[in-house]
Number of protein chains: 2
Amino acid sequence: MDKVQFTIMTNSRHITGSDIPWYPDGMSDLLERLRTRGWRLTAQRRVVAEVLDGDHVHLTADEVHARAARLLPEISRATVYNTLGELVTLGEVLEVSTDGRARRYDPNAHHAHQHLVCSHCGTIRDVHPVGDPLAALPAGERFGFTVSDVEVTYRGTCPDCSATAA
Amino acid sequence: MDKVQFTIMTNSRHITGSDIPWYPDGMSDLLERLRTRGWRLTAQRRVVAEVLDGDHVHLTADEVHARAARLLPEISRATVYNTLGELVTLGEVLEVSTDGRARRYDPNAHHAHQHLVCSHCGTIRDVHPVGDPLAALPAGERFGFTVSDVEVTYRGTCPDCSATAA
DNA sequence: ATAGTGAATTGGACTTTGTCCATGTCGTGG
DNA sequence: CCACGACATGGACAAAGTCCAATTCACTAT
């Protein structure tokens with residue numbers, strides 16, 4: 001996130017997506033979409049959205065907060081947690097819990113994909129398995145549940161960790 | 001875990017599996033197996049193993065500690081965490097992180113299965129999908145990882161929660 | 001049966017991750 | 001440009017897990 005250094009304008013000035021021309025298209029779309037859903041557009045939310053859109057890595061809430069704070073130093077942890085929670089509820093961001101530690105947030109919510117995580121260093125990669133994992137669960141194995149979603153986590157050792165271990 | 005009330009004997013007496021005849025077969029097997037692997041058989045480890053073997057639910061570490069403490073009141077949380085970690089390392093117990101909160105421990109490590117969790121109440125059921133989920137990840141999608149395991153979590157609403165929501 | 005020794009246990013401090021709430025600020029519709 | 005209600009703040013709190021020095025104890029060899 002070293003690509004552009006800038007400071008968000010004061011909140012009292014009305015900022016629209018077009019005021020910040022270096023936003024990637026996907027994000028102004030996102031912000032616009034949320035605004036029409038009644039989302040109030042605050043500097044904090046804008047910055048959180050930008051951080052998520054930045055690198056397509058899977059950040060923890062604290063990492064999001066750290067990066068957001070570089071753009072908007074006074075942003076609070078609580079706000080980051082709130083905003084992430086809202087984005088998840090709105091279906092714009094996925095929450096993945098791969099290790100029982102910090103939840104990670106995946107901005108790539110609109111393309112079906114699964115995760116490949118390194119048991120050593122924790123890195124996560126998006127992967128695209130073939131076939132629909134939901135289809136693998138026959139009705140007789142659903143116990144009356146209404147199944148709405150599958151989360152598949154492949155675990156293994158990434159190339160870097162294999163190299164250092166050897 | 002109300003079925004049998006008893007107190008573990010003092011550690012200084014040598015206790016073998018056969019001293020505690022009401023252990024289910026599976027467990028004395030487990031303990032014996034671990035002992036031949038060089039595991040020191042302490043009262044604490046014994047109790048943790050018994051708790052896991054008790055109901056085949058998916059307990060959190062704290063739940064394991066609470067149940068273990070009914071049998072061995074002075075057992076410490078650290079020991080429970082240690083023991084669970086060892087059992088996981090030894091491959092006798094599976095660790096599942098379904099909700100980004102507490103990790104849960106699944107004693108059913110020797111039969112391949114996956115999990116079905118209710119998004120409302122958090123209940124977990126073991127399910128057996130058809131086919132091998134590992135096979136769904138083509139080599140081209142592995143990015144040099146050595147993939148060793150897959151964890152599949154189906155999410156949905158259980159019958160009880162569907163009923164109360166309606 | 002007993003002693004020695006290194007592994008296991010203890011409990012308490014500490015860290016990480018996340019939630020809650022009262023107060024104050026600011027985005028937005030009018 | 002005002003008012004109002006949604007949003008942000010930060011600090012206290014809670015939950016989940018780790019770490020460590022001191023102590024206890026299981027196992028092996030005698």
Participant: OP1, OP2 of C:dT10 versus side-chain N and O of B:Gln44: anything below 4.0 Å?
Facilitator: yes
Participant: What is the distance, rounded to the nearest whole Å, between atom CG of A:Leu72 and atom P of D:dC7?
Facilitator: 17 Å
Participant: Tell me who clusters with B:Leu116, hydrophobic residues only, linked when side chains sit under 4.5 Å apart either directly or through other members.
Facilitator: A:Leu116, A:Val127, A:Leu134, A:Leu137, A:Phe143, A:Phe145, A:Val147, A:Val150, A:Val152, A:Tyr154, B:Val127, B:Leu134, B:Leu137, B:Phe143, B:Phe145, B:Val147, B:Val150, B:Val152, B:Tyr154
Participant: If you apply the rule salt bridge (Lys or Arg N to Asp or Glu O under 4.0 Å), what do you find for A:Asp99 with A:Arg104, and how did you get there?
Facilitator: CA-CA 10 Å; A:Asp99 60 349; A:Arg104 294 181 172 272; 5.3 Å; no
Participant: Quick check for you: among D:dC27, C:dT28, C:dT9, whose closest atom lies nearest to any side-chain atom of B:Leu41?
Facilitator: D:dC27
Participant: Report each atom pair, protein N/O against N/O of nucleotides 2-6 of chain C, whose distance is under 3.5 angstrom.
Facilitator:
{"from": "C:dG6", "atom 1": "N2", "to": "B:Arg40", "atom 2": "NH1", "distance (Å)": "2.8"}

Participant: Which residues satisfy the side chain to side chain contact (heavy atoms under 4.5 Å, CB included) test with B:Asn82, sequence neighbours excluded?
Facilitator: B:Glu86
Participant: Which residues within residues 78-98 of chain A lie with some heavy atom under 4.0 Å of an atom in DNA chain D?
Facilitator: A:Ala78, A:Thr79
Participant: Who are the side chain to side chain contact (heavy atoms under 4.5 Å, CB included) partners of B:Ser119, not counting sequence neighbours?
Facilitator: B:Arg155
Participant: Could you check how far CZ of B:Arg37 sits from C1' of C:dA7, rounded to whole Å?
Facilitator: 18 Å
Participant: Could you tell me whether a side-chain N or O of A:Arg125 sits under 3.5 Å from a main-chain N or O of A:Cys118, the two making a donor and an acceptor?
Facilitator: no
Participant: Side chain of B:Arg77, base of C:dG11: donor and acceptor closer than 3.5 Å?
Facilitator: no
Participant: Side chain of A:Arg103, heavy atoms from C-beta onward: which of C:dT19, C:dT10, D:dC7 has the nearest atom to it?
Facilitator: C:dT19
Participant: Just grab all the ring-ring contact (aromatic ring centres under 6.0 Å, His included) pairs involving residues 73-113 of chain B, residues at least two apart or on different chains.
Facilitator: B:His113-B:His115
Participant: Can you tell if the side chain of A:Arg40 reaches within under 4.5 Å of the side chain of A:Arg35, non-hydrogen atoms only?
Facilitator: no
Participant: Quick one: A:Glu74 CD to C:dG24 P, roughly how many Å, whole number?
Facilitator: 18 Å
Participant: If I take atom CZ from residue B:Arg67 and atom CD from residue B:Glu63, how far apart are they, to the nearest 0.5 angstrom?
Facilitator: 6.5 Å
Participant: Within this structure, what is the CD-to-P distance between A:Glu63 and C:dG18, rounded to whole angstrom?
Facilitator: 11 Å
Participant: Of the candidate nucleotides C:dA8, D:dG17, D:dC27, which contains the atom at the shortest distance from the side chain of B:Thr42?
Facilitator: C:dA8
Participant: Out of curiosity, does A:Leu34 fall in the hydrophobic cluster containing A:Leu94 (side-chain heavy atoms, cut-off under 4.5 Å, transitive links)?
Facilitator: no
Participant: Could you check B:Ile75 against B:Arg101 and say which one's nearest nucleotide on DNA chain C is further toward the 5' end?
Facilitator: B:Ile75
Participant: Of the options C:dT10, D:dA8, D:dG17, whose atoms approach the side-chain atoms of B:Ser76 most closely?
Facilitator: C:dT10
Participant: If each of B:Trp39 and B:Asp62 is mapped to the nucleotide of DNA chain D with the nearest heavy atom, which maps nearer the 5' terminus, i.e. the 5' end?
Facilitator: B:Asp62
Participant: Measure from CZ on B:Arg45 to C1' on C:dT10 and round the result to the nearest Å.
Facilitator: 14 Å
Participant: Without decimals, in angstroms, what is the distance between B:Leu34 CG and C:dA7 P?
Facilitator: 18 Å
